[in-house]
Amino acid sequence: DSTEIDWILRRLRAEAPTQPIYVCAVSLGGNATLKWLGEQASAAKNIADKVVAVSAPLDLTAAGNALELGFSKLYTYNFLKTMKVNAQQKHVRFPDSFNLGAMLASKTLGQFDNVVTAPLHGYRDTVDYWLRASAKPVLKYIEVPTLLLNAKNDPFLPAIALPRADEVSAAVQREFPEGGGHVGFGLANGEGAEVKDAGGKDGAGVVVSQVMPSPYSAAKPIAREFAEAVKAAGKGAQANFSSMEGYIAAKLFVEGLRRTTGKLSRDGLIAGLEAIGTQSLGGFSVSFSSSDRVASSFVELSMLTGDGRVKT
């Protein structure tokens, strides 16, 4: 929460009193950081110099409700599995901290937060937690230069809940691209020049981590296969990290469907995906099971060159 953010940043400032501090906060960390900025107002300028918040669910009520609808339920299903494992481990150490049975029975983030997150952090219930922990109401008080980057198709926060210009201070720059999902912003060769220009002399040499193989390299069979698919798609199709991710996701989805037995259903599709096991998609290894839905631990680093190109 914002109290933790305050402790971390103040400690960093104490250890490096003359150095600029640039903060990049992602997802819930972004919401907590934005809330800290609004709460601290002008006082935050003595601690942080610039802030970027990426895919921050700054309206937790809107985010929580969105994750209980449609395809977003898949995100909730996977999040809850991880959160329940962590909560069980906490309960072993602190058995009186929350109701274990109620936690295990939770089917939505709202139910989980009502049993675990809210009471453990001093909130009355989920409604109280989502309302009081959201950064959106205090964005108008931020004085540190801040970039707010949220995609309009982020399943965690519907576009209608994104802050209007009159809901943020003059220090906050809003960037709401149409695509990008939740922390799914890819970096293409053409976009590298834009990043470099925006960063000035500091733009060159920036390293970006990607969780997909480079669509610009023919080193892996999957990349060559993808390049052929883009070519076959014709005019309008673009090769970039986002479309590469979509291509691999589609292949996995098809593999899951092929392994689905009986009448097609949500549970049947999940079982089909779990049946994939470990295999290589053209040099890109994936692994699925009932206890592992991460799929891949692949990470590739890309660096912006002096001319704005992306070097992998």
Side-chain angles (χ1 to χ4, degrees), residues 1-10 12-13 20-67 69 72 75 109 113 121 123 126-187 191 194-195 197-200 202-203 206 208:
D1 55 22
S2 59
T3 303
E4 291 178 299
I5 301 296
D6 184 72
W7 183 88
I8 292 169
L9 293 180
R10 287 184 186 278
L12 287 174
R13 172 52 69 209
I21 293 179
Y22 303 130
V23 182
C24 181
V26 180
S27 195
L28 279 172
N31 175 72
T33 300
L34 290 169
K35 188 168 184 291
W36 174 80
L37 286 168
E39 291 170 342
Q40 294 293 317
S42 61
K45 294 193 291 185
N46 298 321
I47 302 170
D49 293 89
K50 294 182 180 180
V51 175
V52 176
V54 182
S55 299
L58 37 81
D59 183 335
L60 293 177
T61 300
N65 292 334
L67 286 170
L69 301 173
S72 294
Y75 288 92
L109 290 177
D113 284 344
H121 290 82
Y123 298 102
T126 294
V127 174
D128 184 44
Y129 164 48
W130 286 358
L131 181 64
R132 290 169 52 199
S134 294
K136 190 175 181 180
V138 299
L139 296 178
K140 63 182 71 175
Y141 305 119
I142 293 176
E143 296 192 26
V144 173
T146 300
L147 172 62
L148 184 58
L149 176 61
N150 281 73
K152 292 182 180 179
N153 68 344
D154 188 337
F156 283 54
L157 188 68
I160 194 173
L162 292 171
R164 302 186 307 270
D166 63 338
E167 293 180 306
V168 304
S169 72
V172 178
Q173 178 180 339
R174 303 174 308 134
E175 293 288 344
F176 303 145
E178 295 294 330
H182 189 69
V183 202
F185 301 100
L187 185 63
E191 296 163 344
E194 298 177 8
V195 176
D197 291 342
D202 296 322
V206 169
V208 180

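In this text, all values refer to a predicted model and were calculated from it rather than measured experimentally.
When all heavy atoms of Leu157 and Ala56 are compared, the closest pair comes out as CD2-O, 3.8 Å. Considering every non-hydrogen atom in both Leu34 and Leu148, the closest pair reads CD1-CD1, 3.6 Å. Nearest heavy atom pair, residue Glu167 against residue Leu162, reads OE1-O, 4.2 Å. A pairwise comparison of heavy atoms in Pro158 and Ala66 identifies CD-CB, 3.8 Å as the closest pair. Contact detail for Arg13 and Asn46: the closest heavy-atom pair is NE-O, 3.5 Å. For Gly38 against Ile142, the heavy-atom pair with the smallest separation is N-CG1, 3.7 Å.
Around the OH atom of Tyr123, the shell of radius 6.0 Å holds more than 12 heavy atoms that belong to other residues, nucleotides or ligands.
Side-chain atoms of Leu149 and Pro177, non-hydrogen and from C-beta on, do get closer than 4.5 Å to each other. Phe176 is listed as a side-chain neighbour of Pro163, based on a closest heavy-atom distance under 4.5 Å.
With rounding to the nearest 0.5 angstrom, the CG atom of Leu131 is 12.0 Å from the OG1 atom of Thr126. Between the CG atom in Asp59 and the CG atom in Asn65 there is a gap of 8.5 Å [rounded to 0.5 Å]. If you take CG on Leu139 and OG1 on Thr146, they are separated by 9.0 Å, rounding to the nearest 0.5 Å. With rounding to the nearest 0.5 Å, the separation of CD1 in Ile8 from CD1 in Ile21 is 11.5 Å. Atom CD of Glu143 and atom CD of Gln40 lie 11.0 Å apart (nearest 0.5 Å).
In this structure a side-chain-to-backbone donor-acceptor pair under 3.5 Å is present from Ser169 to Ala171.
The side-chain hydrogen bond (donor to acceptor under 3.5 Å, both in side chains) pairs that include a residue from residues 26-38 are Asp6-Trp36, Ser27-His182, Lys35-Glu39, where partners are two or more places apart or lie in different chains.
Checked options Leu60, Leu67, Asn150; the residue passing with Phe156 is Leu67 (criterion: side-chain contact (heavy atoms from CB on, under 4.5 Å)).
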